[in-house]
Amino acid sequence: AKVQDVIAAISNDAHQMALANIPSIVTQQIGGLVSVSAHGTGIEIPPCDMQVVKLTLVTPSQGTLALTPDDERFYFARVGLGALGVITQVTLQCVKRHKLCEFMWVMSVDELIRKRTQLLTAYKHMQWLWIP
């Protein structure tokens, strides 16, 4: 499933859940999101792979493995870049649904560097893009 599909499925009125951290690119597959340790926004929010509590990995040599934090292979597979196999299923720890309010500013790189610490302290989520 794509990240955007998971978000839609868990945020409905029946579940009222959200992902603790959401990447900028929500069209990627959940397995890919986990495999590359994608991050969302916020200095205090762990990367997306930290939301995984269980995963199923299909390997070329050991077949299908159901991995949890009790198995050290879980940690290698979680950010394995696909080297150990293909992640086919994940169980994610979700949080209660919440709303975010977006503010947008345009500033120079120099101003951003000066204000970076202040902004990261003031806001739980931060994202910046450089457009040359």
Side-chain angles (χ1 to χ4, degrees):
K2 292 182 180 178
V3 174
Q4 64 191 11
D5 299 331
V6 171
I7 292 169
I10 65 173
S11 66
N12 63 29
D13 288 339
H15 299 293
Q16 298 188 22
M17 301 299 287
L19 297 177
N21 204 347
I22 298 173
S24 298
I25 303 169
V26 295
T27 55
Q28 64 188 304
Q29 297 288 326
I30 290 288
L33 171 87
V34 171
S35 295
V36 300
S37 188
H39 58 85
T41 59
I43 197 165
E44 298 291 327
I45 303 170
C48 298
D49 66 277
M50 299 293 288
Q51 298 173 74
V52 177
V53 295
K54 181 180 177 183
L55 64 85
T56 301
L57 183 72
V58 178
T59 71
S61 63
Q62 297 180 343
T64 301
L65 305 173
L67 303 175
T68 64
D70 296 331
D71 186 326
E72 69 178 2
R73 296 175 296 182
F74 170 81
Y75 299 98
F76 295 109
R78 198 174 65 190
V79 189
L81 302 173
L84 301 178
V86 177
I87 295 174
T88 60
Q89 186 174 359
V90 296
T91 301
L92 299 169
Q93 178 65 52
C94 298
V95 297
K96 185 178 179 186
R97 182 174 69 183
H98 55 278
K99 293 185 179 190
L100 296 177
C101 182
E102 182 178 52
F103 298 96
M104 188 179 302
W105 301 275
V106 176
M107 62 181 72
S108 69
V109 172
D110 291 335
E111 183 180 4
L112 174 61
I113 290 169
R114 281 194 316 275
K115 292 183 175 181
R116 179 183 55 200
T117 302
Q118 173 190 353
L119 293 169
L120 289 170
T121 303
Y123 299 97
K124 183 176 180 179
H125 297 271
M126 280 295 302
Q127 174 182 10
W128 50 73
L129 303 171
W130 180 56
I131 303 172

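Quantities reported herein were computed from a predicted structural model and do not represent experimental measurements. Worth knowing before you read on, the calculation uses all heavy atoms, side chains too, and leaves out hydrogens, waters and symmetry mates.
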| Can you hop from L81 to Y75 via hydrophobic side chains spaced under 4.5 Å? | no
| message | Between Q28 and I25 (side chain of the first, backbone of the second, donor and acceptor by atom type, cut-off under 3.5 Å), is there such a pair? | response | yes
| Within a strict 4.5 Å, meaning less than it, do heavy atoms of the T27 and V3 side chains meet? | no
| query | Looking at CD of Q51 and OG1 of T91, how far apart are the two atoms once the value is rounded to the nearest 0.5 Å? | reply | 12.5 Å
| said: Is there a side-chain contact between L119 and L112 in this structure, where contact means two heavy atoms from C-beta onward sitting under 4.5 Å apart? | reply: yes
| How close do G85 and L57 get, heavy atom to heavy atom, and via which atoms? | C-CD1, 3.6 Å
| request: Spell out, as yes or no, whether a donor-acceptor pair under 3.5 Å connects the side chain of Q93 to the backbone of V53. | output: no
| request: Find the distance between CG (N21) and CG (L33) and round it off to the nearest 0.5 Å. | output: 9.0 Å
| query | Considering all heavy atoms of both residues, which atom of P47 and which atom of S37 are nearest to each other, and what is their separation? | reply | CB-OG, 3.5 Å
| request: Measure the spacing between CE of M17 and CD1 of I10 and express it to the nearest 0.5 Å. | output: 7.0 Å
| task | Give the C-alpha distance, both sets of side-chain angles, the deciding distance and a yes or no for salt bridge (charged side-chain N to carboxylate O under 4.0 Å, His left out) between D71 and K54. | result | CA-CA 10 Å; D71 186 326; K54 181 180 177 183; over 6 Å; no
| said: Whether the side chain of Q29 engages the backbone of A1 through a donor-acceptor N/O pair (distance < 3.5 Å, no angle test) should be reported. | reply: yes
| task | Would you mind reporting whether I87 and S35 have side-chain heavy atoms less than 4.5 Å apart? | result | yes
| Value rounded to 0.5 Å, distance of CG in N12 from CD1 in I7 | 13.0 Å
| Cluster check M50, V79: I/L/V/M/F/W/Y, side chain < 4.5 angstrom | no
| field | Pairwise distance OG(S11) to NE2(H98) - rounded to 0.5 angstrom | value | 11.0 Å
| remark: To the nearest 0.5 Å, atom CG of L84 lies from atom CG of L67 at 9.0 Å
| said: Are V52 and I45 linked, directly or through intermediate hydrophobic residues, by side-chain heavy-atom contacts shorter than 4.5 Å (ILVMFWY only)? | reply: no
| task | Taking the side chain as every heavy atom from C-beta outward, state whether R116 and W128 have any pair of such atoms under 4.5 Å apart. | result | yes
| query | Under 4.5 Å between side-chain heavy atoms, hopping through other hydrophobics if needed: is there a path connecting V36 to V34? | reply | no
| field | Heavy-atom pair of closest approach, residues T121 and T117 | value | OG1-O, 2.8 Å
| query | Mind checking whether F76 and V86 sit in one hydrophobic cluster, side chains of I, L, V, M, F, W, Y counted as touching below 4.5 Å? | reply | no
| Is any side-chain heavy atom of L65 less than 4.5 Å from a side-chain heavy atom of T56? | no
